[in-house]
Every structure is written in C-alpha cells, then in structure tokens.
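Report on the following structure.
When reading the values below, keep in mind they use all heavy atoms of this one structure, side chains included, and skip hydrogens, waters and symmetry mates. Below, read A as the first sequence line, B as the second, and so on, with proteins coming before strands; counting in each chain starts at 1.
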Amino acid sequence: MAAFLARRLLGTSTSSSATLISASRAFFSSTTPIKATLFPGDGIGPEIAESVKQVFTAADVAIEWDEHYVSTEVDPRTNSFLTWESLQSVLDNKVGLKGPMATPIGKGHRSLNLTLRKELNLYANVRPCYSLPGYKTRYDDVDLITIRENTEGEYSGLEHQVVKGVVESIKIITRKASMRVAEYAFLYAKTHGRTKVSAIHKANIMQKTDGLFLQCCDEVAEKYPEIEYEKVVIDNCCMMLVKNPALFDVLVMPNLYGDIISDLCAGLVGGLGLTPSCNIGEDGIALAEAVHGSAPDIAGKNLANPTALLLSGVMMLRHLKLNKQAEQIHSAIINTIAEGKYRTADLGGTSTTTEFTKAICDHL
Amino acid sequence: MSRRQSLSLLKNLGRFTTQTRSVTYMPRPGDGKPRPVTLIPGDGVGPLVTNAVEQVMEAMHAPVYFEPFDVHGDMKSLPEGLLESIKKNKVCLKGGLKTPVGGGVSSLNVNLRKELDLFASLVNCFNLPGLASRHENVDIVVIRENTEGEYAGLEHEVVPGVVESLKVITKFCSERIAKYAFEYAYLNNRKKVTAVHKANIMKLADGLFLESCQEVAKKYPSIAYNEIIVDNCCMQLVARPEQFDVMVTPNLYGNLVANTAAGIAGGTGVMPGGNVGAEYAVFEQGASAGNVGKDTTEEQKNANPVALLLSSAMMLRHLQFPSFADRLETAVKRVIAGGKCRTEDLGGKSTTQEVVDAVISNLN
C-alpha cells in the first residue's frame, strides 16, 4: 500500500502539458473558488453527494458547487430529461461530478448518458481500479487504469434489418477518435507516472477496424519512448487479468472491449460500488461519475456507500491539479476503509453514510 | 461413467485396488474397428501437444489412427486434401494455428470453421482437483456461436481514416446455437442455461439473438433459463462463478467469456473443448488465448498437454469409445491431483514429455 501511494505522489508531482483552462486556474490558486457542476442524481444520489460536499469542505477544497437536478419533463431543446441549463453549466465550468441517474423508461427522448456524451463530446472514459487495502477480495495486487474510447466502435447505434431474420450492426472506427483516445492514454500515463500502456484489440480477426486502432496507438507510442508499449489480444487479456492482474498498468481500448474489461476490472477489486470513473471531453472537460446504480431500495435510509462518488471527486480534483487536497482526501478514504471500524453495509460493516463520512473527515 | 462418477472413483482408489466394473456400453458388432482421425499439428507448440496425444493413444491401444496434415497459420488457404480428409473421417484433432496480426491473411482457424460449418464452439471450464485457483466450485460450459456475429469478416474502408466492420446476426444461426445449447444441457444433465448479450445497446442484433434463445427455452421447461449483460457477466464471473452452468453466447462475447472462465478455473492450459457442426467435429484446446504458446515454451518443450488430452477424451466419447475416454481422463486427473508433474503454466517445472510419461504410467 505504501508503495502504490508513493507511486501516486511521485506521479502527480510531475508537470504536464496542461490545458489552458487548468493552467489559468492554477495561476489563480486557492483564493478564487472553482465552479463545478454537481448532478446529485436519483435514489441514493443526493445522500452521497452530500457526503462529498462535507468531505470537500472539511478538506478546505475551494470548490463552489453548481447543483443541477434531472427534471421530470423532457426538455425539447435537448430532447431529454436533462435541461439545456444543466448542459450549459458543464460546458461553462468545464468540470463536473455526477451521481447515479435512473434512466426513465419510455420513448421519444434520448437516454441521459447518451445526451451527456454527445453534447459534451466525452470521448474517453477513465477508470482506475486498485485493490483497496483493508477490503479483501480474491485479488490483492490490482493497480491498473482502463481507458476506453467512448464515442464510436460497436456502440455507434447503427443497426438495421436487412431482410427478415438477418440483422446487421455496424462497428465504426475512425482515425480521429482512435488518435484522440490514444493521445489521452499516453498523456495520462505520463502525467500519472505510469510505466506501461497496453493496447487491447482483436486485430487478428477484425483486421481493418482494430488494425486502424492499433496503428493509431503505434504512432502515439513512438512519441513517448519512455513509456513501455505492448499490444494484447483481448481474449489473452481477459485470461491474464483473471490470472495475474499485476501484469497490467494502463489499458487503452475501443468502446466494446473497454466496456467489458473495465467492468471485469471493477469486479476484481470489489464491484462498481467502490470504483471511480471520469469522462474526458474536448476542450479539457472532465465529468467524474459514480458508475453504480441509484439503489432505490436503500434511498433515503442513510445506508449508502459514498466511496465511489468520493473517489470520483478525487479524480476530478487531480484533473484540476489540486493534487495536495486530492491526496489528502484519498488517503483519508483509504485509511478509513483499511481501519475497518467504520464501514457501510455493502462492505460488511454497520455504519451509516453519515458515520462513514465523519470518519473520513476525522482522518483528514 | 459420468465425470462425477469417475471423480468419486478417484476418491475410492485409496481404499480399493480393483476397479468396480459395470457394463453400461453395449457396442454394435464392428464398432471396435479403428477409426481414422484427421490430425493438424499446427504452429508453435501445436506439434508438441498433438504428439503427446498420439503417444497416449498408442499406449492405450485406442482404436483410432491419425492422418496428419501440415497446416500453418500463414498459409493463404487451407491445403489440398485437408477438407476431403475431414469430410471423410468426420472428426479432426487440431493444435493451434497462429494467425498473423493485422496482416491481410484471414484466419485459417475461422476459415476451417466456416468451411465445415462448425457452428458451435464448446469450452468446459472446471476446477481440477489438486490444482489451486482463486475460485472454487467452477463448472461452466461456454457454448459460443462460431460462424457469424462480429467475425463475419466484412470490413471496408469508407474513406481514408474511417473503417466499418459489419456484425451480422441471423435468426437461423441464433436458433441453431440456442437449440444446441439446450440440447447439450439436456443430454448432460445440466440445470441452467444463461444467455450472454448486450441487447440494451445493440437492440436489433443481440435482441434477435435473445429472442431465439427465449423461444428455444420454452421447449425445455425443466432447464432454467436466464439472461445477463456481457459486462455484468464478466464481473460476476470474477466474483461468484458458481452461479453459472451452461452459457450460450454470440461469437465475440463467447471468446471473452470462455477465456475469462478458463482463467478463473485454472488457465487455458487445462480446459478441454471443441467445435462441432451438424456433420463434423474438430477437437482442440478449449480456450484459444495463446494456444500457440510463447517461443520459450516451444524451445523448452514445456507446453501443457492437459487441455488437448482432455479434448481428445471428449473426442473418444464423441466416437463412442467411452471406456477409453474415462481411462484417459482418470489418468490425467490423477497426474494433476498428484501435484508433482506439472508444466510451467501451472507453476511446475516438468516438460511436456514428462507429463505424457506420467499420464501413460497412470493408465489402468
């Protein structure tokens, strides 16, 4: 645990080619609070969002939250339940934190996740998966990051019935999207002190599509000679992950493989309730989110585990280069869970959300 | 004798020195005539492991003889005479064929399956007694559609930098794989079939696959049927694999799920499997990841022959030689349970030949 915390500290202290927005924020330092959009979401969302606000205040993080809720009617300007104002807020603030949103069933509107992804042009999904010291799963030495291309690939949504009983679904890979995500993956590896990037593919079968993705990764890899680069076929990758996850460091993949592998990795460390995630968009937009569900059965009962949303908040802080506070909060969370005295029900303990939050604040 | 009976036989070995005999298989006169089986040694470690099978068959005096064919993964097409041989013999045993990555040569493994219409690929992933792994109580059979889906091989470049790949799902293929899966479950006394899909995103394609599974499920009311989304499935496999029994999947997901399941149960070096169609069957190492091995494995001659030996036992049962199949499986399981003779991938130091000798000496 000490080794991996040290690695994070060393990694985050290297400077990087930051975006203009982050640079200007750093210049203004902690006196001007940074505005960030907060989508508490549904179900347990508001409780865990409250948790995040408390911890951030206790850690003196200079963030001003701009809260937005999902409305109950479809906004015709966005064709979804997210209002135009909500989307504009993220576009203006450039950074946001999102809780779980239950997608309303029905037709005539876009899904919430799809709306966010398209309007904010979120092209990469970053999910760090590491074993939490103190929370034992069958795997103790997991420390990897999955970076998934988020806009195209198999999820382009282009399907049609050719004749009755024959359906085609089109998978699209473009040089532009593949280069974008490959650049981000290597940049992330460099700025976080990671030593290896693995590109996951099935180019022996899908020679042109995954072949193009690999080509783009190859080109970007040449620009970062200090980072080790390898290519792994996806079936081999799945097998190696479940046998020995310590073999991997940063993984970069197209959409479908990314979906499957990132959930597999979340399973290795304890599930979606503990996994943070961050979506990166053009112009330096970052929307951190908790990927678990809204758990309507425990909503409002003060039983929810805020870890996923808190760790996502930490990712958001690192994106804003507020590394000192990010590290403080991160250590506090890890130590609270490692200690074992205060744990929520899903981790096998009996604490409430508020007790757990208070324990984290005490550890700061 | 079923696998369970042969395992309890293993437990009884300590107490009795003679085997209890039962007459359960009554052959037709002339069934004992030696059967020809096409043999493809293949690339990399392929020849090493197929040779292992030849030696063991010889030691058992099994009524099979092999017709070898020289095939390599970088050949442009299957050699003359190979397909005729398989069509005459109906059964083939195969080592791995290494497909060059991104290289414009279409996979010969895939070609062989398409030419012979081997529409079902089967992998049996189970814990071997004596072989430690992180997960217990794993006994999963993954049945994967082998001819269409993402591996249809239909790709083209639309404009430079934009590539499309077509995933084709047809009612015909989905129905026959669903029928095979339920029939397999029925004939092998399996209790549950799970369909793996991503129909929340690929609504038409995977939706058609699911529909076919649901229709076939109605005809087998005694077999439980459920559906699971592929990313959740991978997460569940690493968390609680004991919940799965038989799984039926389209092409790509089947590849990933089979390799993940093989990894959690002990590795691809020990899982048996094969491909079967209406008229022909090709037996090979179950899960395909790395089945041509690394160069070092080939040089040091320590490839694991267990997977192919267990697959050849499946082949013997398919050819209706059940007692030879049982003897082979018992011998292999004794060697693994003994723990002394294992190749590098299982944590041991033996060579392939040493394992083969151990298996031969353990044959009744």
Residue from B:Lys171, B:Gln236, B:Met202 scoring the most non-hydrogen pairs under 4.5 Å with chain A is B:Met202
The interface call for A:Gln161 against chain B, heavy-atom contacts under 4.5 Å, is backbone
Smallest heavy-atom separation, A:Met239 atom then B:Gly263 atom, equals CG-CA, 4.0 Å
Closest non-hydrogen contact found for A:Glu159 with B:Ala205 is OE2-N, 2.9 Å
Nearest heavy-atom contact between B:Gly266 and A:Lys243 is O-NZ, 3.3 Å
Check for a donor-acceptor pair, side chain of A:Arg175 on one end and backbone N or O of B:Val163 on the other, with a separation under 3.5 Å. no
Under 4.5 Å to a heavy atom of chain A? For B:Asp345 that would be backbone
Chain A shares the most heavy-atom pairs under 4.5 Å, among B:Val230, B:Val238, B:Ile264, with B:Val238
When the 4.5 angstrom heavy-atom criterion is applied to A:Leu256 and chain B, the contacting part is side chain
Rounded to the nearest 0.5 Å, the SG atom of A:Cys237 sits from the CG atom of B:Leu256 at a distance of 9.0 Å
Checked B:His156, B:Glu211, B:Glu175, B:Lys198 vs chain A; the most non-hydrogen pairs under 4.5 Å come from B:Lys198
Here the gap from B:Asn232 atom CG to A:Asp259 atom CG, rounded to the nearest 0.5 Å, amounts to 10.5 Å
Bottom line for B:Leu166: the part with an atom under 4.5 Å from chain A's heavy atoms is both
Applying a strict 4.5 Å limit to non-hydrogen atoms, the region of A:Glu152 in contact with chain B is neither
Checked A:Ile234, A:Leu158, A:Val163 vs chain B; the most non-hydrogen pairs under 4.5 Å come from A:Ile234
Ranked by heavy-atom pairs below 4.5 Å to chain B, first place among A:Asp210, A:Val162, A:Thr137, A:Leu212 goes to A:Leu212
For B:Ser165 and A:Thr209, the nearest pair of non-hydrogen atoms, with its separation, is CB-CG2, 3.5 Å
Assert top hit (heavy-atom pairs under 4.5 Å, partner chain B, pool A:Glu154, A:Lys171, A:Lys164, A:Lys176) equals A:Lys171
Tightest non-hydrogen contact, residues A:Val242 and B:Arg134, listed as O-NH1, 3.5 Å
Correct closest heavy-atom pair for B:Met235 and A:Asp263 would be CG-O, 3.2 Å
Under 4.5 Å to a heavy atom of chain A? For B:Leu252 that would be side chain
When you look at NZ of A:Lys196, are more than 12 heavy atoms from neighbouring residues, nucleotides or ligands closer to it than 6.0 Å?
yes
Scored by heavy-atom pairs under 4.5 Å with chain A, the best of B:Gly161, B:Ala261, B:Ser174, B:Cys234 is B:Gly161
| query | What's the verdict on side chain to side chain contact (heavy atoms under 4.5 Å, CB included) for B:Asn259 and A:Asn236, showing C-alpha distance, side-chain angles and the deciding distance? | reply | CA-CA 7 Å; B:Asn259 280 286; A:Asn236 218 349; over 6 Å; no
Taken to the nearest 0.5 Å, the spacing of B:Leu208 CG from A:Ser169 OG works out to 12.0 Å
dist B:Asn255:CG -> A:Cys238:SG (nearest 0.5 Å) comes out at 8.0 Å
If one checks every heavy atom of B:Val110 against chain A at 4.5 Å, the contacting part turns out to be side chain
The interface call for A:Ile205 against chain B, heavy-atom contacts under 4.5 Å, is both
- request: Mark yes or no for whether B:Glu155, through its side chain, and A:Gln207, through its backbone, hold a donor-acceptor pair below 3.5 Å.
  value: yes
Output for pair (B:Thr260 OG1, A:Asp235 CG), nearest 0.5 Å, gives 9.0 Å
